[in-house]
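The structure appears below as structure tokens.
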Protein chains: 2
Amino acid sequence: MGGRNGTRARTGPSMADVAALAGVSSQTVSRVSMGLDNVRPATREKVRSAMDRLGYAPNSAARALRYGSFGTIGMIAHRLARTGESRTVEAVVEAARVEGYTVTLVDLESPTSDDMTAAVARLGHQAIDGLVIVRAEAAGPETLALPPGLPVVVSDSRFVGHHPAVGADQTAGARLAVEHLLGLGHRTVHHVSGPDDSGPAQMRIDAWRATLEAAGRDVPAVVRGDWSAASGYEAGLRLARDPDVTAVFCANDETATGLLHALHEVGRRVPQDISVVGFDDIYLAEQLWPPLTTVAQDFREIGRRLVDLLLQQVRDDEALVDVHEAVPTRLVVRESTGPAPA
Amino acid sequence: MGGRNGTRARTGPSMADVAALAGVSSQTVSRVSMGLDNVRPATREKVRSAMDRLGYAPNSAARALRYGSFGTIGMIAHRLARTGESRTVEAVVEAARVEGYTVTLVDLESPTSDDMTAAVARLGHQAIDGLVIVRAEAAGPETLALPPGLPVVVSDSRFVGHHPAVGADQTAGARLAVEHLLGLGHRTVHHVSGPDDSGPAQMRIDAWRATLEAAGRDVPAVVRGDWSAASGYEAGLRLARDPDVTAVFCANDETATGLLHALHEVGRRVPQDISVVGFDDIYLAEQLWPPLTTVAQDFREIGRRLVDLLLQQVRDDEALVDVHEAVPTRLVVRESTGPAPA
DNA sequence: CGTTAACATGTTTACGTAAACATCATCCGC
DNA sequence: GCGGATGATGTTTACGTAAACATGTTAACG
């Protein structure tokens, strides 16, 4: 694995050292350390001062070994500075904190199945009680060799039936976006999608198509993106050439940002000429120009439920494979959408 | 602390179980597990299949206890979905992966000294070999009660002399931004700053002021921001009222985004009427409208050096308090800056 | 065929903590 | 003032791993 110090590393004073200095047994030190009350105040004080003098801190490895628990959740993500990713990471970290857990992050070099497997293997050797997998793009549920018995939750619904999953309600969200645009009088809605191998991206595509079909509208060809702003920019340049395009639904807000850029550049006005809707409601969405109409994901709730579901498995020691929770999304209407041009 | 399962948690099969099934000693299992070569192929195979059958995974707590090392770096950040934060987190996680380490994240509820102390206390009980503190806004170096002997690095230079620090070269970066604007003919440059209690924010203010003074220009009053896009928006509304304002240097790209929003809204053209420069070079900067001229931080390099410096202390077991590395910044000129209006 | 080296494998031990159990002192009521 | 209860403290042990040391087995060479 590497990374380890070959020999003994920083190992501070142990309970035995404190005990020797305080003139008590190490068990008494343990009692003080855990805050039990069956210790005489005078003794407690002796131990406390010995701890302070030596700079004692409990060894969490030993504790973990004793308890079989680390108070730590593992999390696998790819390119975590991306908007959706970082919001999810933040939310999971926050929810974990409330439960008294910390989060250990591993990022993937690439979202390939191999890298995912490597990451899982590395985390399997790490000190975690459970695992959260965020947007497992390329890796399918079958290809994942997880340590048996390790509780897992996933924020990608392709894993339903394999692992419990929590995610935004992609389908309803995409429908909201498309219906909003149709309601403004647009004849149809174009879509700049996420990458092929992403479950959420596929769900947004499907819901977009289904909504158009249900309304009896033409379904234009999907413009492939990859979540990036750059792909949105390119898509924008392409779509702007077609004067029939009056409404675009982007797979995420970054893509939408790039699209807006392209439209500004070629002089198409938003929303007068073209309306744009994003997905995620990133922090910057309301400060873009124009402020972006988007489908808000409740990241905080998603993080909370991911952690809940994970800890439920950790505590009860049973897998919940069939669970799939869809967290409601809501449309946030700002200024990037307007009535279809006459 | 909380969070622990009261009784024994998931504890899979141990080496002893594998050894029993394979008919060898646990030490042989250990050898196979560690990939040593002094095991007969036939024996290795027996052990391997026993491992597979039982679903054996090494217990990292026991390993950590044995080695005194976790292969894990702790990281404290606040609001980590923020641009600069998430880029730094990403960079540190990536650099740590290269070194064979994972990163345990704790986010602060608020950047107060109390919360910081609580976070440190919680991490002190966690399984980490060293600690990275990112932008310790409110908490000063003195107020931090760190576990003695725990290697620490900080990405905020107020900690120089207390802990080794790595950060972007704020001063040079701010100077680049201001000189760029002066070079375009602007008489002076206004500044929307970060929060009072931030070290980097203060350094950017100081460098902005020093550069203006060195050029013999008027130094306008600082407009206080708080890193957020919303604060940039408000600052923008305020600054737009003053027709003398032709150039604004924002403390970060989010603030700049909000500022652009405000300027668009009131009809001031960028860069024809007002030039805007940001700081950070977030992923979206080049896709904003107009694409944002900004001071790029080399987050990847910062992350790498933070991890290097930390692991150096971990491995050599000595503190490097006097180290302070400033990673060069560079100006990325895009379209939000232009010649001063005539 | 015997001696020895080289290698494979087993045994013992320590890492730091905390539960379980054992012991010892103190204080209460009669 | 004595038996028993209560509470404080000490002792033993196990958690899973891997280093250090010990032993056994095979092969090579004279």
With A/Arg48, which residues qualify under side chain to side chain donor-acceptor pair (under 3.5 Å), at least two apart?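 None.
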State, yes or no, whether a side-chain contact exists between A/Thr102 and A/Ile73 at a heavy-atom distance under 4.5 Å.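 Not in contact.
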Which is true for A/Ser30 with a 4.0 Å heavy-atom rule: it touches a base, it touches only sugar-phosphate, or it touches nothing? base
Can you see whether B/Arg40 engages B/Thr28 through a side-chain donor-acceptor pair at a distance of less than 3.5 angstrom?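 No.
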Atom-to-atom span, [atom1] of [X] to [atom2] of [N] - whole angstrom:
X       : N      : atom1 : atom2 : result
A/Leu36 : C/dT17 : CG    : C1'   : 13 Å
B/Met34 : D/dT17 : CE    : C1'   : 9 Å
B/Glu45 : C/dT9  : CD    : C1'   : 18 Å
B/Leu65 : C/dA18 : CG    : C1'   : 13 Å
B/Met15 : C/dT9  : CE    : C1'   : 14 Å
A/Met51 : C/dG16 : CE    : C1'   : 13 Å

Below 4.0 Å: OP1/OP2 of C/dA19 and any side-chain N or O of A/Tyr67: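 For A/Tyr67, the contact criterion (side-chain N or O under 4.0 Å from OP1 or OP2 of C/dA19) is met.
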Short side-chain N/O contact to C/dA14 OP1/OP2 from B/Arg66, under 4.0 Å: no
To the nearest 0.5 Å, what is the distance between OG (B/Ser86) and CG (A/Leu80)?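 One finds 7.5 Å between OG of B/Ser86 and CG of A/Leu80.
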Check B/Met75 against B/Val103 and note the closest heavy-atom contact, atom names and distance. CB-CG1, 3.8 Å
Applying salt bridge (Lys or Arg N to Asp or Glu O under 4.0 Å), can you list everything that pairs with B/Glu45, at least two apart in sequence or on another chain?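 So B/Glu45 forms no salt bridge (Lys or Arg N to Asp or Glu O under 4.0 Å) with any residue.
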Between the protein and nucleotides 8-10 of chain D, list the N/O to N/O atom pairs that are separated by less than 3.5 angstrom.
residue : atom : partner : partner atom : Å
D/dT9   : OP1  : A/Arg40 : NE           : 3.0
D/dT9   : OP1  : A/Arg40 : NH2          : 3.1
D/dT9   : OP1  : A/Thr43 : OG1          : 2.3
D/dT9   : OP2  : A/Arg40 : N            : 2.8
D/dT9   : OP2  : A/Thr43 : OG1          : 3.4
D/dG10  : OP2  : A/Ser25 : N            : 2.8
D/dG10  : OP2  : A/Ser25 : OG           : 3.0
D/dG10  : OP2  : A/Thr28 : OG1          : 2.8
D/dG10  : N7   : A/Arg31 : NH2          : 2.9

